[in-house]
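This report concerns only the one structure given below.
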Amino acid sequence: MDALCRNVLALRSLLPKDCKLMPALKANAYGHGALPVAKALQQMGIDSFCVACISEAAALRKNGIKGEILILGYTHPKQFPLLRLYRLTQTVVDYAYAETLNQYGKKLHVHIGIDTGMHRLGERHENLEQIRKIFNMKYLKIDGAFTHLCADDTENPKDRDFTLKQAEAFYDVMEKLKREGYVCPKIHLQATYGILNYPELAGNYARAGIALYGILSSDTDFDRSHTKLFPVLSLKARISSVRELHAQESAGYGLAFTAKRPTRLASLAIGYADGLPRGLSCGTGSVLIKGKRAPIVGRICMDQTLVDVTDIPEAAAGDIAVLIGKSGEDEITAYELAAKTGTITNEILSRIGERVVRV
Ligand SMILES: *Cc1c(COP(=O)(O)O)cnc(C)c1O
């Protein structure tokens with residue numbers, strides 16, 4: 001929680017005073033636990049949040065989270081009553097969807113998505129007439145509009161050029177509508193890399209996700225600001241049992257591990273259902289026990305994982321193994337897990353399983 005607060009302060013310091021953080025709490029706050037994270041942020045004075053879908057938004061509201069909660073994705077018309085019940089803000093994902101929202105016939109709070117090049121969601125920025133029509137829809141209360149930058153994490157001139165074009169297209173539309181008298185209280189376009197690499201593009205909100213959790217998507221990503229971030233999460237499991245294997249005995253599914261020497265094997269109470277990637281099996285990954293590395297051996301199971309603790313003779317049942325985080329002088333980062341499994345930290349963190357207790 002302390003790390004989370006420090007990350008909030010670090011990101012705020014990059015932004016102008018009138019740009020507020022709108023933390024991304026989607027996917028259980030990138031695996032960290034949406035509710036405890038939201039509560040901590042609320043205590044820091046943050047009062048606007050974004051999530052991916054209505055179930056995430058409703059869960060936050062039901063548990064006492066106040067302020068604005070923006071749903072970044074699609075909500076099915078059957079669930080429109082919940083938008084009003086929980087006072088949620090819905091993204092207009094395109095012009096056709098604006099019509100669907102308006103046909104509901106009761107006032108709905110929305111932010112209009114503007115597509116400036118990612119081509120995922122949002123009405124195309126070129127379609128000014130459609131966007132104008134959305135503003136004129138009787139039942140839509142336009143609280144904001146936003147776009148999403150999709151190539152802002154490199155130093156590459158082509159990406160830089162593209163990002164600046166996205167921002168220009170977005171601000172052009174908003175400027176034109178403003179001159180015509182349309183009122184759009186909040187506009188926003190930055191996520192993590194927009195804040196770090198393009199602080200000058202700040203709007204009214206910055207939708208901070210991964211950086212808030214103290215890490216970038218990849219340690220090779222560009223961060224112009226050189227911001228020091230503090231990882232919020234450690235992932236730990238208990239050793240449930242330790243046993244001796246004779247040389248040449250095998251272990252685990254498919255007998256994928258064979259002991260080359262008399263071996264002490266520890267079982268950990270964590271598996272791929274908890275988000276430990278199965279790709280870390282058979283020596284690819286390791287864990288920290290009492291500050292020392294123990295290689296993962298054999299195939300990671302759904303609920304359990306075997307590690308070789310022959311060189312950690314003091315390891316015993318009940319001890320803590322660190323999957324992500326520090327132990328003694330050593331540390332395993334989410335970067336390491338992501339690199340070894342061919343993905344980004346966002347995926348490693350957001351897939352930490354539901355049954356893992358968030359302490
Ligand atoms: C996930 C998401 C964010 C947060 O992205 P980060 O790169 O993790 O900061 C912001 N905006 C939208 C639309 C998103 O989908």
Side-chain angles (χ1 to χ4, degrees), residues 11-12 14-22 24 48 50 68 70-74 89-102 108-209 211 222 224-225:
L11 295 177
R12 269 184 184 157
L14 298 174
L15 296 165
K17 276 221 155 43
D18 54 350
C19 178
K20 296 203 298 181
L21 283 185
M22 179 189 250
S48 50
C50 57
E68 186 173 24
L70 172 64
I71 298 165
L72 297 167
Y74 171 84
T89 308
Q90 173 60 42
T91 294
V92 175
V93 302
D94 57 25
Y95 179 74
Y97 189 64
E99 290 189 311
T100 307
L101 285 163
N102 193 49
L108 294 173
H109 287 262
V110 300
H111 282 210
I112 303 174
I114 309 283
D115 178 12
T116 56
M118 185 171 190
H119 304 321
R120 185 174 68 172
L121 294 181
E123 181 56 32
R124 284 189 86 109
H125 72 93
E126 300 95 332
N127 300 346
L128 191 62
E129 183 49 31
Q130 320 277 77
I131 297 168
R132 201 181 276 121
K133 279 191 193 160
I134 297 173
F135 270 90
N136 288 329
M137 286 180 182
K138 180 173 175 192
Y139 293 105
L140 299 192
K141 171 77 180 66
I142 314 295
D143 292 339
F146 69 96
T147 194
H148 196 45
L149 305 174
C150 55
D152 52 357
D153 58 354
T154 83
E155 212 176 355
N156 173 335
K158 242 175 92 181
D159 287 341
R160 206 162 164 81
D161 202 48
F162 188 85
T163 302
L164 294 175
K165 286 215 167 79
Q166 280 193 279
E168 191 183 320
F170 176 63
Y171 278 116
D172 263 7
V173 171
M174 299 322 297
E175 210 34 61
K176 276 183 189 145
L177 290 166
K178 194 175 168 183
R179 279 200 297 271
E180 294 174 19
Y182 292 99
V183 178
C184 186
K186 306 289 182 192
I187 61 178
H188 45 112
L189 70 169
Q190 299 158 300
T192 286
Y193 292 98
I195 301 169
L196 299 177
N197 295 328
Y198 300 88
E200 69 280 7
L201 297 181
N204 304 110
Y205 288 144
R207 304 182 305 268
F222 181 55
R224 177 178 299 277
S225 71

Could you check F170 against L201 for side chain to side chain contact (heavy atoms under 4.5 Å, CB included), going step by step and ending with a plain yes or no?
-> CA-CA 11 Å; F170 176 63; L201 297 181; over 6 Å; no

Verify, without hydrogens or angle tests, whether N127 (side chain) and E129 (backbone) share a donor-acceptor contact under 3.5 angstrom.
-> no

Quick one: do the T154 and D159 side chains pair a donor with an acceptor below 3.5 Å?
-> yes

Is there a side-chain contact between L196 and F222, using heavy atoms and a 4.5 Å cut-off?
-> no

Listed partners of Y74 passing side chain to side chain contact (heavy atoms under 4.5 Å, CB included), at least two apart = H76, P77, Y97

Is the side chain of D153 donor-acceptor paired with the backbone N or O of Y193 at a distance under 3.5 Å, no angle test?
-> no

Counterpart residues, side-chain hydrogen bond (donor to acceptor under 3.5 Å, both in side chains), relative to H188 (two or more places apart) | H111, R207

Measure from the side-chain N and O atoms of D152 to the backbone N and O of G194, and report whether any donor-acceptor pair falls under 3.5 Å.
-> yes

d(K176 NZ, R132 CZ) to nearest 0.5 Å is 9.0 Å

Has the side chain of T147 got a donor or acceptor atom that lies under 3.5 Å from a matching backbone atom of I114?
-> yes

Spacing of CG belonging to L108 relative to OH belonging to Y139, to within rounding of 0.5 Å | 11.0 Å

Can you tell me how far CG of D94 sits from CG of D115, rounded to the nearest 0.5 angstrom?
-> 10.0 Å

Check against salt bridge (Lys or Arg N to Asp or Glu O under 4.0 Å), K165 and D161 = CA-CA 6 Å; K165 286 215 167 79; D161 202 48; 3.1 Å; yes

Which heavy atom of T116 sits nearest a heavy atom of A169, and at what distance?
-> CG2-CB, 4.1 Å

Indicate the atoms forming the closest heavy-atom contact of A151 with T163, along with that distance.
-> O-OG1, 3.2 Å

CD of Q90 to CG of L72, rounded to nearest 0.5 Å, is 9.5 Å

Which atom of G203 lies closest to which atom of L189, heavy atoms considered = N-CD2, 4.2 Å

For the residue pair L21 and L15, establish whether any side-chain heavy-atom pair is separated by less than 4.5 Å.
-> yes

For residues L121 and G73, report the shortest heavy-atom separation together with the two atoms involved.
-> CD1-CA, 4.2 Å

Heavy atoms only: give me the nearest R160-N197 pair and the separation to one decimal.
-> NH1-O, 4.0 Å

Quick one: do C19 and Q190 satisfy side chain to side chain contact (heavy atoms under 4.5 Å, CB included)? Show the steps, please.
-> CA-CA 10 Å; C19 178; Q190 299 158 300; 4.2 Å; yes

Identified side chain to side chain contact (heavy atoms under 4.5 Å, CB included) counterpart of I112 within the set L140, T91, I142 = I142

Under the side chain to side chain contact (heavy atoms under 4.5 Å, CB included) rule, what do E68 and M22 come out as? Steps first, then yes or no, please.
-> CA-CA 9 Å; E68 186 173 24; M22 179 189 250; 4.2 Å; yes

Roughly how far, to the nearest 0.5 Å, is the CD atom of E123 from the CG atom of L128?
-> 10.5 Å

Over all atoms of both residues, closest heavy-atom pair of Y205 and S48 | CE2-OG, 3.5 Å

Interatomic distance, NE2@H109 vs CD1@I71, rounded to 0.5 Å, equals 12.5 Å

Going through the checks in order, is the side chain to side chain contact (heavy atoms under 4.5 Å, CB included) test met by E180 and L177?
-> CA-CA 5 Å; E180 294 174 19; L177 290 166; 4.3 Å; yes

Sequence-distant partners of C150, side chain to side chain contact (heavy atoms under 4.5 Å, CB included), two or more places apart = M118, F162, Q166

